[in-house]
Amino acid sequence: MSFDLLSEPIRKYIRDKGWEQLRPIQTASIAKILSTDDNYILASRTASGKTEAAFLPILSKVDFNETGVRVVYISPLIALINDQFYRIEELCKNLDVTVTKWHGEANKTLKDRLIKQPNGIVLITPESLEAMFVNKPFNVKQLFSNIKYVVIDEIHSFIGTDRGTQLKSLLSRLQNVNSKPFNIVGLSATIGDYNEAKKFTGNELKTKVLLDRTAKEINALFRYFKNKNEELPLKLLKDLYIETKDNKVLIFPNSRGRAEEVAVKLKKISDRVKGHSDYFSHHSSVDKEVREYVEYFAKNNNRQSFCISCTSTLELGIDIGTVDEIVQIDATHSITSLIQRVGRSGRKDRESSNLFLYATNEWSLLQSVACWLLYKEGFIEPPQTNEKPYDILLHQALSITKGHSGVRLTDLVKQLKENFAFNQVEVSEIEAILNHLIEIDFLEKLQHEVIIGVEGEKIVNSRDFYSVFKTEENFKVVNAGNTIGEIPFSPQIIEDENILLSAKIWKIKFVDHKSKKIEVIPAKDGKKPMFYGGGATIHSKIREKMLEILYSETGYDFLDQPSCDETETLRKDFSVFNVRILQSDRPLLTTEKHLQLFTFTGTRINRTIQLLLNIAGIKNTLDDSSSSFDIEVPKQELISKWNSLIQPLADIDSHITILLQANPALLDFSKWGRYLPENFQVKLIKDKYFDIEYTGQLLATMKLIENK
DNA sequence: GACCTGCTGCGGGCTG
């Protein structure tokens, strides 16, 4: 039995806790981690004891009397480190093991103490690890040359992202520092591609997946309130108020502005009918201290009802206590996100989760139903993969050069080539990127060595160097010396305008452009703040499911009457197309002055189709929410050009080059891509912004079905 | 029709 395999202090911990039995994922991981030297991915639903599943066996197995940090825990969030610190410290209470938090807001004295006496467990962020490699490479050696295990929490948040590539590179560099190779354990509730998760260990063959598919019972209820205005309909808000007033609730309205609108308006209704006043908003623009208060309030409040209107800030791992209900307003952009959000409620055993899904337009309703059905089928969208992350390679080249205070060019090429984050990138490509860095003075060549160049110094010595993601510039919002939050500057930010922030209404009194400050006073009425952002990227499988729903006759018991009626209306609208083969048949609506093509495919493919339509001179407008194009040429022209539409795919690089020269903002998704040679920028855009291969496959078989 | 994430080192001034 797994329990007997654990060391005595850990068995005592479990006995003291009074646990009747171990969770399935814990039983499995204890048996495997203690008996093998493999890497593991532990996949099991939210609140199923994954942290313990990793640490119970690791704490039993690792000898903490040896010098050096023995276990490194990596988290995507500071807040999660602070949360896990208490849990891990408690797990260690019968052992003599130091647990140290290491991130930008962690206590420096405790960090210095660890450097003097490296031991125990360190909880760290990827950016703090990066900073140590850049500024204090001797500390990396001092601390991290005797690691036995690395635990990566919420590993799905790294998969398929630039930050994930950076983390892989840092892990690869960490292995080089170690005297013996360490093992890796990754944790997540929502993994769409296990092979991509395995790549984080650098050794896919020696990585096993332990999976507990047990799902929690979820009661889903769909509500439909059609809306054409910018603000949410009052009927929806009233319905939402009644459903949530006597519960502990999280509401996810998909944007920061709308989160504020919901919090303020529900609070107003509650004030009017003398209900509770604990309505909050929680997102990146709300001041950190205010957010922490909201989290604390939710966690330490067992009886009172409350309502938090939030964005993805409350989507990941942070335990905010018991929540009875989750409300999603309009469709999530991914199934992963839906699962994570649902996982926030009913975190105790035997409690089922309640989920309300409100929709305000027909396409959002259809997308929401599609996500729900795919979730029920056990489908999670696979991450977007990028085999050639040239931009992150460029960043890591600068990081390595700075960390070594100069390095032989041949060694730098070798280190990058052997780094498992970049193993698909050719040596000739690495050399071309490095030569370009020398040309633009980011690197300087001294005989056989390279050091950081004049232009590179500015970049490498900046506080912004350690992360691979971009951030917007914000104005601080202050009322009588208290910081309410930070919002990006927009035309709305002028004196005497009213804005919503932190679930309250404010009047702008003074805007200080120099110190980027907005002075506000309380007000009675206002508008939601404006935020800029790119569009969502929807996976093609969700769109395909939407098409399938339209051509199915199945009724769904989770829909309310208006949702049911709207679904039937959509089905009736699409019954004029004789769509038979769902993979390839696509509706083409032709009326006298209008031509509309429904592609029912993912965002990146729609972008690629739009590029091809533009190349062919077919004027069009893309609406990604309905996955459709308004075509502004006569039908005959579209039909005659249709078969040759995919021809430019053979020579797509030159077309993207022209597009990039006309519109440099195309590369805005990449923080470091702007320093790449142009042909590498084009390759990056081709891989990440468009989807050339899938578009080719789809268009080769796509059949346009006109209405009867 | 988007959301989120993190951050060094040094020196000056203040507190206990």
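In the text below, chain A, chain B and the rest are named by the order of the sequence lines, each starting its count at 1. Because the structure is predicted, anything quoted here is derived from the model rather than measured.
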Is the phosphate of [N], meaning OP1 or OP2, less than 4.0 Å from a side-chain N or O of [X]?
{"X": "Thr311(A)", "N": "dC4(B)", "value": "yes"}
{"X": "Thr313(A)", "N": "dT5(B)", "value": "no"}
{"X": "Arg163(A)", "N": "dC4(B)", "value": "no"}
{"X": "Ser467(A)", "N": "dC7(B)", "value": "no"}
{"X": "Ser128(A)", "N": "dC7(B)", "value": "yes"}

Please state how far atom [atom1] in [X] lies from atom [atom2] in [N], giving the value in whole angstrom units.
{"X": "Ile459(A)", "N": "dT8(B)", "atom1": "CD1", "atom2": "C1'", "result": "16 Å"}
{"X": "Ile159(A)", "N": "dC4(B)", "atom1": "CD1", "atom2": "P", "result": "21 Å"}
{"X": "Arg607(A)", "N": "dG1(B)", "atom1": "CZ", "atom2": "C1'", "result": "12 Å"}
{"X": "Ile78(A)", "N": "dC4(B)", "atom1": "CD1", "atom2": "C1'", "result": "13 Å"}
{"X": "Leu129(A)", "N": "dT5(B)", "atom1": "CG", "atom2": "C1'", "result": "16 Å"}
{"X": "Phe669(A)", "N": "dT5(B)", "atom1": "CZ", "atom2": "C1'", "result": "19 Å"}
{"X": "Phe158(A)", "N": "dC4(B)", "atom1": "CZ", "atom2": "C1'", "result": "12 Å"}
{"X": "Gln166(A)", "N": "dG6(B)", "atom1": "CD", "atom2": "P", "result": "12 Å"}

- Message: Heavy atoms only, 4.0 Å cut-off, all strands: where does Gln367(A) land among base, sugar-phosphate and nothing?
- Response: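 Since a base atom lies under 4.0 Å of Gln367(A), the category is base.
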- Message: Under 4.0 Å, counting only non-hydrogen atoms across every strand here, what does Ile538(A) touch: a base, just sugar-phosphate, or nothing?
- Response: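 No contact.
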What's the closest nucleotide to the side chain of [X] if the choices are [options]?
{"X": "Ser255(A)", "options": "dA2(B), dC4(B), dG6(B)", "answer": "dA2(B)"}
{"X": "Glu127(A)", "options": "dG6(B), dC4(B), dA2(B)", "answer": "dG6(B)"}
{"X": "Phe469(A)", "options": "dG6(B), dG1(B), dA2(B)", "answer": "dG6(B)"}
{"X": "Thr471(A)", "options": "dG6(B), dC4(B), dA2(B)", "answer": "dG6(B)"}

- Query: Where is the tightest heavy-atom contact between Leu110(A) and Thr100(A), given as atom of each residue plus distance?
  - Reply: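 Heavy atoms of Leu110(A) and Thr100(A) come nearest at O-CG2, 4.1 Å.
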Does the gap between the ring centers of [X] and [Y] come in under 6.0 Å?
{"X": "Tyr390(A)", "Y": "Phe422(A)", "answer": "no"}
{"X": "Phe598(A)", "Y": "Phe629(A)", "answer": "no"}
{"X": "Trp672(A)", "Y": "Phe465(A)", "answer": "yes"}

- Message: If you assign each of Lys470(A) and Asp624(A) to its closest nucleotide in DNA chain B, which residue comes earlier from the 5' end?
- Response: Asp624(A)
- Closest to the 5' end of DNA chain B, once Ala331(A) and Met132(A) are matched to their nearest nucleotides, is Ala331(A)
- Message: Set out, in order, the CA-CA distance, both residues' side-chain angles and the distance that settles side-chain hydrogen bond (donor to acceptor under 3.5 Å, both in side chains) for Ser399(A) and Arg173(A), then state yes or no.
- Response: CA-CA 11 Å; Ser399(A) 167; Arg173(A) 292 164 70 183; 3.0 Å; yes
Each nucleotide N or O in nucleotides 9-16 of chain B that has a protein N or O under 3.5 Å away: list the pair and distance.
| from | atom 1 | to | atom 2 | distance (Å) |
| --- | --- | --- | --- | --- |
| dG9(B) | OP1 | Lys136(A) | NZ | 3.3 |

- Item | Mutual orientation of the aromatic rings belonging to Phe600(A) and Trp363(A) [parallel < 30°, tilted 30-60°, perpendicular > 60°] |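 Geometry flag for Trp363(A) against Phe600(A): tilted rings.
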- Name the orientation class of the two ring planes belonging to Tyr358(A) and Phe225(A) (parallel below 30°, tilted from 30 to 60°, perpendicular beyond 60°).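 Answer is parallel, since the angle falls under 30°.
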- Message: Whether the side chain of Asp623(A) and the base of dG1(B) hold a donor-acceptor pair under 3.5 Å is what I'd like checked.
- Response: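 Not at all, since no donor on one side and acceptor on the other fall under 3.5 Å apart.
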- Task: Could you go through the side-chain hydrogen bond (donor to acceptor under 3.5 Å, both in side chains) check for His539(A) and Gln384(A) one step at a time?
- Result: CA-CA 9 Å; His539(A) 194 268; Gln384(A) 188 183 335; over 6 Å; no
